[in-house]
Structure formats: structure tokens, C-alpha cells
Amino acid sequence: MNVSDSERVATLLEADGFELTSDELLADVVILNTCSVREKAEHKLFTRIGQLKKNYADEKKVGVMGCVAQLEGETLFDQQRGIDFVIGTQAVGRVSEAIDKVFAKDENFIDLGVREDEYDWSTTPRRRHNEFVAFLPIIEGCNKFCTYCIVPFARGREKSLSAEEIIKQVEKLRSEGVREIHLIGQNVNSYRPQSVAGLENFAGATAFSRLLRAVAATGFERIKFATSFPRDFHPDIVRALDEYENLCNWVHLPVQSGSDKILRAMRRGHTIENYKKRIDAIRNSPRKIALSTDIIVGFPTETDEDFQATLDLFEYCEFDSSYIFKYSPRPGTPAAALEDDVSEAVKKSRFFELEKVMRFQQQKAFAKNVGGVLSVLVEKISDKQSGQLSGHTTCQKVVNFKGGDWMLGKIVRVKITESKRNTLFGEIL
Ligand code: 5AD
Ligand code: SF4
């Protein structure tokens, strides 16, 4: 979501006549996009501002956008000398005005207002992280309020984009040469537009599974989506994947813990039994669907037994990849009021133990592909000298192989010859 926000801000600034540079030495304005999901990210911001001000004194205007901006608001000006403007998560459409005001008046400026009704969700090809892959938000905000999570406070309540607008953007992206699209949101499964306009011709048990079918029916080559929420992950989503091959065979379904007691304390709204049912539905699909998850270790009151339940769940699910985090209390969330009673040493040891299991499972899932042929979107040149190209499979695995730059943007068949940790290697057929 953050990368997608940066892309849209860059698009907007360029459209408004600003010249963009990634060389901070040349810049008159530096904008820092921020994340506050974990404490580390916040620390990074303050270190970065300190560096900027040390190097450039008052030569440059510095703006902060993203979750930290929204949550800290005005107090950022006091906390850290050197910030000139603050743009909230929904105010990114007005970033040019903020810059103009800061230069015109030479005083601090803040906008934490809500998103404009006519907000333009598009990005220009040059400002995307990759020319051939685009992120398209379909829902913003989150209503779940998992007890550890700052996102609902930073990004506000859920708001779905209209299906008509999404389809329009999908068509536009296709005409610009994009081959893979990621429909994104904190919880895409709770997609709920105000009207069914654009979905009339598509059946489905939920608005999201109807939307998947509607987007797939445009014929767009590769469609991925993230993030899914276990309670709202209806089996009809798997049926949609079975029906349309251009809906990619990858599901990111964060579970957060393998213990029902901890899931209750996190207020996740699902049990391990429910989660396993979701996994079974995915595994029972005739397609081979790759699975990934997020896990928090060391949530308050997590015992060795609870952690063992997480290890057991991993055994059951055999994830293709997983992202493991040590619990970090976020001020203002319900869990922050609980005693952070799992010591740092225990959090670390659980992290490393689970990481070992994760690496083992990942290696196994990757190694299974050796000898097979996978479809790969050629996204970039990973090493010019040796002519190495790199791209993703439909199941979200990175593949490296030899080839020429004329192949960029093509979807090719690669015979997989080797697997190393989290990368596959192969030869173009
Ligand atoms: N501490 C640790 N990890 C967190 N996440 C969200 N909030 C916290 C927190 N307070 C993790 C969750 C989520 C991922 C994006 O970040 O696993 O799925
Ligand atoms: Fe945070 Fe839970 Fe919403 Fe995910 S579903 S963004 S973890 S509150």
C-alpha cells in the first residue's frame, strides 16, 4: 500500500509540473513516506530526518506523508525540528498545494483531511515500481481493529472503490502495457462497493468474488490480490480462481498465531479450525495454489504452548513463504494497554525458531519446481553483465534466468533448473 501511495504522489506531482529526482542532493523538497505498523519503521523516519537536516540545514523543505504523518499530526513539528509539512493518509491528492503553500508562506503546513470524492487512483507508467506490474487499490482503510494493529487508526474506515472505476483502471493499465495487476487493500475480502454497478453480469457469494470474476473477464493477463483476511475469505474466492486462469494461483492469508487463545486476545475473529478449513479449500483446488502468511511472535501472554501451536500450524499448512514479526506495542492500540510480558530474548528465540521452520518449508516449496516449467513475467534486468533477467511466476516466486533486454515485459516459459532459498533459476524455453 505504501509503494502504491508513493507511486500516486509521484504521478500527481509530475502532472502538476514538478520535476522528480531520486537524488536528494538536487531536490528542493524531500517527501518521506512513512509506515507505523512496527516501531522500527518510525525510528527510521526520525533518523532519516535528522540526517537530512544535518546535511542540508534549512536548504530543503521536508514533508512527511503516510501513517506516521496521520497519527502524529501537528506534534511532528514539535517532536522533530526540520519538518515543514505533514500530509495525512487521505490527503495525498493535495500534496502539490501543500508544497506551494510552504514555499509561498514559509511556514509549516498540515493537511490531515479526508480524500476527495473525485480522487484519481491512476499512476503513470514511468512512476510505477515496475513498468509491467501495477498496484490497484480496491478498498482503503480497515474496520477490523485487531488489537495489536495501528492501521485502522492510521488509514481510517473501509471504503471500497466502485467496480466500474476499478474496471476502467484495469483497462487503462492494459492499454499502457501492464501485464500483471495486484488488486490491493488491507482486507480485500471485505470489498463492499456502494452499488453493484459493474458487477451485474457476474455471480459470486461475495462482492469480492464477483469483482474477481469481473476483472478476470476483461482478459487481463495476470491478476493477483492481497491481503486476504481469514474470516472473510469465502471459499467462492477459490472457485473463482478455478474458473479463471488469469486469476493467479497465490493467496496471502495472514494467520498471525497458531493459538486460539492468542487469536482471541488479538480479536482476529477466527479460530485455528476455521483457518484450517480455508487452507483445506485452497489445497483442494485442482490448481496448485501457493500460500503465504504473516505471523506475530511474542504477543502478550504467549506461552511456550501457544508458540508450539504456531509451529504445529506451520506443519499443517506448509506455507510457500511467510513473514514473521516480533510483537511491537503500538501506542493507542488496545494491546498496548496489556503488559508486554514476553521478554525480548524469548521473542527473539521464537522468531529464530520459526524462521528456521519457515526457511525449511520455503526451500521445500521452491525445490518442488525444479525440473518443471513455469510461466514468468520478465520484469527487469537483474545483472546486466551476465545478462540475467528476473521476474515473478503466477505463484509469486522470483525466477532468474539468462536472456536479452528485448524480452522485458514478455511472459515466457522457463524450465526451472535450480532452487536457492527464495529464488528459482532456470532457462528460457
Ligand atoms: N507488532 C508486530 N507485527 C505487527 N503487524 C501488524 N501490527 C504489528 C505489531 N504491532 C504485522 C502483522 C501484519 C503485518 C503487515 O504486520 O503480521 O499482518
Ligand atoms: Fe490490521 Fe487486522 Fe486490519 Fe489487517 S485486518 S490491517 S491486521 S486491523
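One-based numbering, in listed order, for ligands and for the atoms of each.
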Indicate, as side chain, backbone, both or neither, the part of Tyr148 found under 4.0 angstrom from ligand 1 when only non-hydrogen atoms are considered.
both
Which option wins on minimum heavy-atom distance to atom 4 (C) of ligand 1: Ile296, Ile324, Asp294?
Ile296
What atoms of ligand 2 come closer than 4.0 angstrom to any heavy atom of Phe229?
5 (S)
Testing the basics here: between Ile296 and Met266, what is the closest heavy-atom pair and its distance to 0.1 Å?
CB-CE, 4.0 Å
Quick note on ligand 2: atoms under 4.0 Å from a heavy atom of Phe145 include exactly 8 (S)
In ligand 2, which numbered atoms sit nearer than 4.0 Å to a non-hydrogen atom of Cys142?
3 (Fe), 5 (S), 6 (S), 8 (S)
Between Phe325 and Phe351, is the gap from one ring center to the other below 6.0 Å?
no
For atom 1 (N) of ligand 1, tell me which residue out of Ser36, Cys146, Ser328 has the closest non-hydrogen atom.
Ser328
At under 4.0 Å between heavy atoms, is it the side chain or the backbone of Lys326 that contacts ligand 1, or both, or neither?
backbone
What atoms of ligand 2 come closer than 4.0 angstrom to any heavy atom of Pro152?
8 (S)
Ligand 1 to Val37, heavy atom cutoff 4.0 Å, flagged ligand atoms 5 (N), 6 (C), 7 (N), 8 (C), 9 (C), 10 (N), 16 (O)
Heavy-atom nearest pair, Val188 first then Ser228, reads CG2-OG, 4.2 Å
For ligand 1, which atoms, with element, lie under 4.0 Å from some heavy atom of Arg330?
10 (N)
Tell me if the aromatic rings of Phe425 and Phe401 count as close, with their centers under 6.0 Å from one another.
no
How far is atom 2 (Fe) of ligand 2 from the closest protein heavy atom, and which atom is that?
Cys146 SG, 2.3 Å
Within ligand 1, which atoms have a heavy atom of Gln256 less than 4.0 Å away?
12 (C), 13 (C), 17 (O), 18 (O)
Per-atom contacts, ligand 2 versus Tyr148 - under 4.0 Å to a heavy atom:
7 (S)
For the pair Gln70 (side chain) and Thr89 (backbone), establish whether a donor and an acceptor sit closer than 3.5 Å, ignoring hydrogens and angles.
yes
Any donor-acceptor N/O pair, Arg283 side chain to Cys317 backbone, under 3.5 Å:
yes
Ligand 2-proximal atoms of Asn187, by part, heavy-atom distance under 4.0 Å
neither
